[in-house]
Amino acid sequence: MYIMGQWMPQLQTQPPSVPGNLPSPPPAPPEGWLDQFLAFIYTLAHWVGGLIVAMVENIVPLQTPGQLVDPIGYLTLLTVLLLVSQIAKKLVWGVVVVGWVLIGIRIVLEILEKQS
């Protein structure tokens with residue numbers, strides 16, 4: 001490179017690599033949709049577990065082992081899923097009951113209309 005009347009060596013963009021001193025490459029992203037979904041579930045469970053462990057450690061002066069973060073997260077996600085499914089089950093039963101009542105009323109109205 002020629003700068004201001006002098007020949008300058010090219011600047012290197014990266015320092016020379018030293019074997020054994022290189023960082024490991026990042027893990028490859030998941031390829032399939034199932035792998036991506038499972039990675040998402042794992043990440044979500046890890047974050048939720050970390051949040052719950054941090055809340056427990058703030059309430060109780062106890063150091064929780066790091067190995068419990070993921071199981072606590074998975075159990076929390078399963079608990080939320082069960083609660084949502086129970087609520088949805090009750091909601092669906094309510095819709096079904098209201099539907100049958102409305103159909104029964106419609107049948108009764110049709111019968112009364114034909115008789116008059």
Side-chain angles (χ1 to χ4, degrees):
M1 180 184 320
Y2 188 75
I3 299 178
M4 298 174 75
Q6 297 179 2
W7 282 98
M8 302 286 291
Q10 290 272 343
L11 296 176
Q12 294 180 350
T13 57
Q14 295 178 346
S17 60
V18 178
N21 199 15
L22 295 175
S24 61
E31 293 182 15
W33 66 269
L34 181 61
D35 292 335
Q36 290 178 353
F37 177 73
L38 292 176
F40 171 74
I41 295 296
Y42 171 76
T43 303
L44 187 63
H46 186 77
W47 286 352
V48 169
L51 180 66
I52 290 177
V53 166
M55 288 184 345
V56 168
E57 287 177 352
N58 284 335
I59 295 171
V60 179
L62 176 68
Q63 186 66 24
T64 308
Q67 297 170 339
L68 289 179
V69 171
D70 290 339
I72 289 172
Y74 281 118
L75 284 175
T76 303
L77 290 180
L78 286 174
T79 303
V80 169
L81 181 66
L82 284 173
L83 289 174
V84 168
S85 68
Q86 289 296 325
I87 292 170
K89 185 178 176 181
K90 290 178 183 177
L91 182 66
V92 168
W93 272 112
V95 169
V96 167
V97 167
V98 168
W100 279 114
V101 168
L102 290 175
I103 288 177
I105 291 172
R106 176 74 185 257
I107 291 172
V108 169
L109 288 175
E110 289 291 327
I111 291 171
L112 291 176
E113 187 177 293
K114 285 187 179 182
Q115 289 181 355
S116 45

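Clustering ILVMFWY residues whenever any of their side-chain heavy atoms sit less than 4.5 angstrom apart, transitively, puts V92 in the very cluster that holds W100. Hydrophobic clustering (side-chain heavy atoms under 4.5 Å, transitive across Ile, Leu, Val, Met, Phe, Trp, Tyr) keeps L91 apart from W93. Following chains of ILVMFWY side-chain contacts shorter than 4.5 Å, one cannot reach Y42 starting from W47, and the two form parts of different hydrophobic clusters. V56 is connected to I72 through a chain of hydrophobic side-chain contacts under 4.5 Å among Ile, Leu, Val, Met, Phe, Trp and Tyr, so both are in one cluster. Side-chain heavy atoms closer than 4.5 Å link hydrophobic residues (I, L, V, M, F, W, Y) into clusters, and following such links, possibly through other members, connects W33 to L38.
The closest side-chain heavy-atom distance from F37 to I41 is below 4.5 Å. Side-chain contact between I52 and T76 is present, with at least one heavy-atom pair separated by less than 4.5 Å.
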For K114 and E110, what are the C-alpha separation, side-chain angles and deciding distance, and is it a salt bridge (charged side-chain N to carboxylate O under 4.0 Å, His left out)? CA-CA 6 Å; K114 285 187 179 182; E110 289 291 327; 5.7 Å; no
Go through it in stages, so that I can follow the logic: the residues are V69 and H46, the test is side-chain contact (heavy atoms from CB on, under 4.5 Å), and I'd like the CA-CA distance, side-chain angles, deciding distance and then a yes or no. CA-CA 6 Å; V69 171; H46 186 77; 3.9 Å; yes
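Distance CG/L109 to CG/L102: 10.5 Å, rounded to 0.5 Å. Of the inter-residue distances, the one linking L68 atom CG with L75 atom CG reads 10.0 Å to the nearest 0.5 angstrom. To the nearest 0.5 Å, atom CG of residue L34 and atom CD of residue Q36 are 10.0 Å apart. One distance of note links CG of L44 with OH of Y74; it measures 9.5 Å at 0.5 Å rounding. Note that CG of L81 and CD of Q86 are 10.5 Å apart. Values are rounded to the nearest 0.5 Å.
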